[in-house]
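We're numbering straight along the sequence, starting at 1.
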Amino acid sequence: MSWLEQIGMAAFRQVDPETAHGLALKALNAGIMRLPGQITSPRLKTKLAGLQLPNPVGMAAGMDKNAVALEPLSRCGFGFLETGATTPRPQPGNPKPRLFRLKEDRAIINRFGFNNDGMDAMAAQLEKRPRDAVIGLNLGANKDSVDRSADFALVLERCSPHLDFATVNVSSPNTENLRDLQGKAALEALLRGVLEVRDGLDRKIPLFVKIAPDLSEAEIADIAEVGGTVGIDAIIATNTMLSRDGLKSPYASEAGGLSGAPLFEKSTAVLARLYRETAGEIPLIGVGGVGSGAQAYAKIRAGATAVQLYSALIYGGLSLVETIVRDLEALLERDGFGDVSEAVGADQ
């Protein structure tokens with residue numbers, strides 16, 4: 001981490017987390033940081049659901065909710081970016097404060113509630129996106145919608161001309177009853193509806209679904225079965241969790257989804273189970289607690305074709321992306337893997 005990044009992060013820690021997040025995006029757009037650009041090599045190049053990625057380390061949704069800093073973020077070393085979540089209509093989200101740093105646990109809790117500028121504003125931002133990056137959109141539903149399933153399809157249809165992939169987010173804990181859509185019958189109906197819209201588009205883009213970590217083995221099996229039945233292109237495992245086991249921070253009792261280091265083991269266990277349930281036939285993206293090259297590698301060996309991170313950057317800075325990618329490459333080389341695909345599921 002450069003001295004400039006250290007100073008910036010120290011300054012950000014003096015203000016509330018949500019303000020700091022906004023300032024960080026503005027700093028990125030101001031161009032005051034040295035950015036490594038695209039990081040790739042024959043060993044790092046990855047194919048995910050037909051997408052060619054320079055490396056398998058992606059930015060998770062939530063970091064740039066309204067696609068205001070995609071150009072500089074595309075030069076931070078990520079292999080792909082996911083923006084959003086985006087709902088059909090703009091919505092303010094839940095009352096502030098709604099983002100909390102749990103520094104003792106290297107974690108965060110958020111209860112944003114899909115605050116975003118809406119699909120029209122997102123489409124306008126995506127029209128200006130960098131064309132040399134792989135960029136997807138996390139699809140959300142309005143809190144007061146009478147048909148949340150239809151919301152996902154609306155956002156997809158509106159923004160699809162500017163996307164490389166889209167993710168159906170049925171796993172945020174901050175929109176009441178949203179996770180009910182992960183039930184077998186509801187999920188199958190939802191995904192069939194969104195896939196029908198996707199298949200009618202001028203350009204057929206990969207469609208992913210993002211699931212929660214707070215699932216039973218039976219629920220994971222149901223999701224795997226539904227994914228295979230409807231032909232989903234990939235599953236992202238996992239979103240934030242509700243459990244607060246073992247936390248030390250005074251903010252541990254705050255409502256919302258927990259992400260960061262405490263999520264790593266649980267999310268990786270769900271990922272590994274999902275890989276076994278799908279027999280490795282559906283690409284998986286591992287999310288939750290990734291803060292090092294070793295942890296990214298562990299997700300891949302558990303069954304992930306690619307990984308995503310966000311919360312770790314709050315503590316490690318954006319320079320952490322380059323460190324993770326370089327360390328991952330070194331681990332692949334150490335163990336004799338010619339590319340990422342050879343390591344996927346190696347521990348199963």
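- With values rounded to the nearest 0.5 angstrom, Thr86 atom OG1 is found 10.5 Å from Gln125 atom CD.
- Side chains of Cys76 and Leu28 form a contact here, defined as non-hydrogen atoms less than 4.5 Å apart.
- To the nearest 0.5 Å, atoms OG (Ser311) and CG (Leu258) are separated by 8.0 Å.
- When all heavy atoms of Phe80 and Val307 are compared, the pair lying nearest together is CZ-O, 3.6 Å.
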Would Arg244 and Ile109 count as a side-chain contact (heavy atoms from CB on, under 4.5 Å) here? Give the steps. CA-CA 10 Å; Arg244 299 292 190 266; Ile109 289 175; 3.5 Å; yes
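- Nearest heavy-atom pair across Asp214 and Met241 is OD2-CA, 3.5 Å.
- A donor-acceptor pair under 3.5 Å links the side-chain atoms of Gln348 to the main chain of Ala302, judged by distance alone.
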Kindly indicate, with the supporting measurements, whether the criterion side-chain contact (heavy atoms from CB on, under 4.5 Å) is fulfilled by Asp151 and Thr87. CA-CA 7 Å; Asp151 280 9; Thr87 56; 5.7 Å; no
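- The two atoms that bring Arg98 and Pro92 nearest to each other are NH1-O, 2.8 Å, heavy atoms only.
- Ile314 CD1 to His21 NE2: the interatomic distance, rounded to the nearest 0.5 Å, is 8.0 Å.
- Phe165 and Val287 fall within the same hydrophobic cluster, where Ile, Leu, Val, Met, Phe, Trp and Tyr residues are linked whenever their side-chain heavy atoms come under 4.5 Å apart, directly or through other members.
- The structure places CD of Glu277 at 9.5 Å from CD of Glu225, a figure rounded to the nearest 0.5 Å.
- Side-chain N or O atoms of Asn66 include none that pairs as donor or acceptor with a backbone N or O of Val68 at under 3.5 Å.
- Closest of all the heavy-atom pairs between Ala306 and Leu53 is CB-CD1, 4.4 Å.
- Under the 3.5 Å distance criterion, the side-chain polar atoms of Asn55 are left unmatched by any main-chain donor or acceptor of Leu44.
- Contact check for Val197 versus Phe152: no side-chain heavy atoms found under the 4.5 Å cut-off.
- By the 4.0 Å N-to-carboxylate-O rule, Arg198 lies close enough to Asp233 to be salt-bridged with it.
- Glu342 contributes a side-chain N or O that, together with a main-chain N or O of Gly338, makes up a donor-acceptor pair within less than 3.5 Å.
- There is a path of hydrophobic side-chain contacts, each under 4.5 Å, that joins Leu328 to Val290.
- Screening Val340, Val325, Val344 against Pro56 for a side-chain contact (heavy atoms from CB on, under 4.5 Å) leaves a single residue, Val340.
- Remark: the Thr167 side chain and the Asn169 side chain contain no N/O donor-acceptor pair separated by less than 3.5 Å.
- Residues Leu51 and Leu207 do not share a hydrophobic cluster, clusters being chains of Ile/Leu/Val/Met/Phe/Trp/Tyr side chains in contact below 4.5 Å.
- Hydrophobic cluster membership is shared by Met59 and Leu137, with clusters built from Ile, Leu, Val, Met, Phe, Trp and Tyr side chains linked at under 4.5 angstrom.
- For the pair Arg148 and Val170, the minimum side-chain heavy-atom distance is 4.5 Å or more.
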Begin with the C-alpha distance, continue with both residues' side-chain angles, and end with the deciding distance and a verdict on salt bridge (Lys or Arg N to Asp or Glu O under 4.0 Å) for Arg75 and Glu71. CA-CA 7 Å; Arg75 294 186 283 112; Glu71 196 284 324; 2.8 Å; yes
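- Here the side chains of Leu331 and Arg301 are not in contact, with every heavy-atom distance at 4.5 Å or above.
- In this structure a side-chain-to-backbone donor-acceptor pair under 3.5 Å is missing from Asp105 to Leu247.
- The shortest distance between side-chain heavy atoms of Leu81 and Ser74 falls below 4.5 Å.
- Counting heavy atoms of neighbouring residues, nucleotides and ligands inside a 6.0 Å radius, atom CD of Glu104 exceeds 12 of them.
- Rounded to the nearest 0.5 Å, atoms CE (Met1) and CE (Met9) are 4.5 Å apart.
- The residues Lys210 and Glu82 are annotated as not salt-bridged, no charged nitrogen and carboxylate oxygen being separated by less than 4.0 angstrom.
- Considering only heavy atoms from C-beta on, Glu329 comes within 4.5 Å of Ser41 through its side chain.
- Interatomic distance, Asn94 CG to Asn110 CG, rounded to the nearest 0.5 Å: 9.0 Å.
- When all heavy atoms of Ala346 and Phe337 are compared, the closest pair comes out as CB-CZ, 4.2 Å.
- Side-chain N or O atoms of Asn142 include none that pairs as donor or acceptor with a backbone N or O of Gln91 at under 3.5 Å.
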Chi angles and distances behind the side-chain contact (heavy atoms from CB on, under 4.5 Å) call for Leu187, Val209: CA-CA 10 Å; Leu187 183 62; Val209 62; 4.2 Å; yes
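- Residues forming a side-chain contact (heavy atoms from CB on, under 4.5 Å) with Arg106 (at least two apart in sequence, or on another chain): Ala261, Tyr315.
- Both Met122 and Leu139 are part of a single hydrophobic cluster, where members link through side-chain heavy atoms under 4.5 Å apart.
- Looking at heavy atoms from C-beta onward, Thr46 lies in side-chain contact with Thr305 at the 4.5 angstrom threshold.
- No hydrogens or angles considered: a donor-acceptor pair under 3.5 Å links the side chains of Lys299 and Thr268.
- Taking both residues in full, the closest heavy atoms of Leu274 and Leu284 are given as CD2-CD2, 3.7 Å, listed atom of the first, atom of the second, then distance.
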What do the steps show when you test Leu156 against Leu201 for side-chain contact (heavy atoms from CB on, under 4.5 Å), and what is the final call? CA-CA 9 Å; Leu156 174 63; Leu201 298 173; 4.3 Å; yes
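- With hydrogens and angles disregarded, a donor-acceptor distance shorter than 3.5 Å links the side chain of Glu219 to the backbone of Ser216.
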For Glu188 and Arg192, what are the C-alpha separation, side-chain angles and deciding distance, and is it a salt bridge (Lys or Arg N to Asp or Glu O under 4.0 Å)? CA-CA 6 Å; Glu188 182 170 350; Arg192 285 192 184 281; 3.0 Å; yes
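- With hydrogens and angles ignored, the 3.5 Å screen pairs no side-chain donor or acceptor of Ser149 with any backbone N or O of Leu190.
- In this structure, the side chain of Glu127 does not engage the main chain of His162 through any donor-acceptor pair within 3.5 Å.
- Looking only at side-chain heavy atoms (C-beta outward), Ile135 and Pro130 come within less than 4.5 Å of each other.
- Lys45 has no carboxylate O lying under 4.0 Å from a charged side-chain N of Asp339, or vice versa, which leaves the two without a salt bridge.
- A donor-acceptor pair is defined here as one N or O able to donate and one able to accept, closer than 3.5 Å; no such pair exists between the side chain of Arg326 and the backbone of Gly293.
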